[in-house]
Amino acid sequence: MDLVIRNACPAERPGEGPLDIGVEGGRIAAIGRDFAAAESYDARGRLVCGGLIETHIHLDKSRIADRVPPPQGRRVNPVTMTAPLKQHFTVEDVYARAEATLRECLVNGTTRLRTQLEIDPAVELRSFEAMRSLADDYKWAIDLEICVFPQDGLTNYPGTEELLVAALMQGAPVLGGAPRYDSDARAQIERIFALARKYDVDLDLHLDVGDDPTQMHIYQVLELTERYKRGGRVVAGHMAKFSLLPPAELAALARRLADAGIAVTVLPATDLYLMGRERDHAIVRGVADANLLAANGVTCSLSSNNILNAATPYGDCNLIRMANLHANVLQVAAPADLRALFGMLTDQSARLLNLKDYGLAPGNPADLVVIDAATPEQAIAEIRPPLAVWKRGRRTVTRHPPELHPPA
Ligand SMILES: [Zn+2]
């Protein structure tokens with residue numbers, strides 16, 4: 001074999017291990033004990049997974065917090081704050097910011113990623129061009145998939161649909177939406193489903209952020225997913241309004257989503273930053289309970305969404321931190337529930353993205369991350385860092401654990 005990761009605790013095989021993971025020709029060849037290999041890495045009983053997966057991040061508009069004025073008062077609209085900047089985005093500017101963010105994703109153990117990407121007459125296809133170059137330049141470290149979407153409206157913004165179609169024709173595999181920012185939200189959702197059918201692409205929509213849970217677009221998305229038999233190919237991101245529903249009502253709705261094949265990405269950082277701004281005290285938290293959704297059969301992931309922009313002026317692309325944030329806000333403590341959250345950065349995210357070759361199994365690409373923890377629940381509870389990352393069997397990242405130097 002080319003490589004063996006020795007003494008690994010595979011995240012997907014709790015209780016088994018430590019085991020050796022053997023790699024040959026960029027793929028996992030076998031999982032067992034005592035393999036001979038040209039190169040070896042001793043994981044010393046640490047957790048190993050098939051790479052973390054960022055299912056929802058905006059690389060194209062990351063790192064622009066310094067271009068927007070500080071918010072005045074509690075009410076903010078990140079979309080109208082950002083829209084005027086977009087005409088000034090050049091291919092080089094988008095590439096440089098997205099690259100800086102992508103490199104943070106890499107050092108935090110991410111090996112697969114779906115980026116949301118805005119397309120409209122202000123930015124045209126410049127961000128798309130930058131992202132395609134970036135995906136190509138970094139394919140040694142990450143599989144980067146592009147989801148194109150209209151952030152500033154579709155039905156109210158002439159020229160947007162033509163540009164989206166151009167991107168789909170050039171190979172964008174996923175189409176998104178943001179009906180909240182369309183003057184006719186229902187019409188946008190109808191149109192997005194029509195385009196997804198015509199170009200046979202998956203859907204990944206921004207949905208149901210706001211303070212009124214009696215007005216939710218998820219019901220229309222459910223109806224269209226069932227009518228057009230798109231089950232397994234539809235993702236709803238945010239779903240912050242779920243946090244305003246009583247648990248029994250949410251559980252019933254979750255079972256409908258699970259039956260329809262609609263997955264949910266929860267984005268704790270942005271929802272915490274944006275929700276509840278209609279109040280000046282006893283602020284609602286606004287983060288959907290991913291554990292409850294998953295317990296009712298919904299495929300869920302947790303992701304970073306925005307990094308250093310008007311919608312979230314924070315971020316270090318650390319998915320394990322995102323799961324810890326979710327646990328903290330939702331008051332999740334049971335080891336099994338923390339373990340479920342780890343799954344929402346790994347195997348459940350792979351399922352949401354319809355990846356067929358993810359995970360620690362012979363034949364899959366040798367995407368491997370050693371995390372400085374003994375178990376998934378420890379990784380989440382303590383925000384433990386990755387120490388080493390391989391993409392298709394090649395070492396892409398090394399991080400050293402900190403050392404103390406007591407006096408001799
Ligand atoms: Zn988003």
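The model shown is predicted, which means the values in this text are computed figures rather than measured ones. Both backbone and side-chain heavy atoms feed into the values below; hydrogens, waters and symmetry mates do not. Ligands are counted one by one from 1 in listed order, and the atoms in each one are counted from 1 as well.
In this structure, the side chain of Arg339 does not engage the main chain of Glu377 through any donor-acceptor pair within 3.5 Å. Although no hydrogens or angles enter the test, the distance criterion places no donor-acceptor pair under 3.5 Å between the side chain of Thr270 and the main chain of Leu267.
Ordered by chain and number, His56 NE2, His58 NE2, His206 NE2, Asn305 OD1 make up the set of protein N, O or S atoms under 2.8 Å of the Zn ion (ligand 1).
Cation-pi check for Arg197 over Tyr228 is met; the charged atom lies under 6.0 angstrom from the ring centroid and within 45 degrees of its normal.
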**side-chain hydrogen bond (donor to acceptor under 3.5 Å, both in side chains) assessment of Asn7 paired with Arg44** = CA-CA 5 Å; Asn7 300 313; Arg44 299 183 182 189; over 6 Å; no

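Rounded to the nearest 0.5 angstrom, Leu341 CG and Asn291 CG are separated by 4.5 Å.
When the side-chain contact (heavy atoms from CB on, under 4.5 Å) test is applied to Pro313, the partners found at least two apart in sequence or on another chain are Tyr273.
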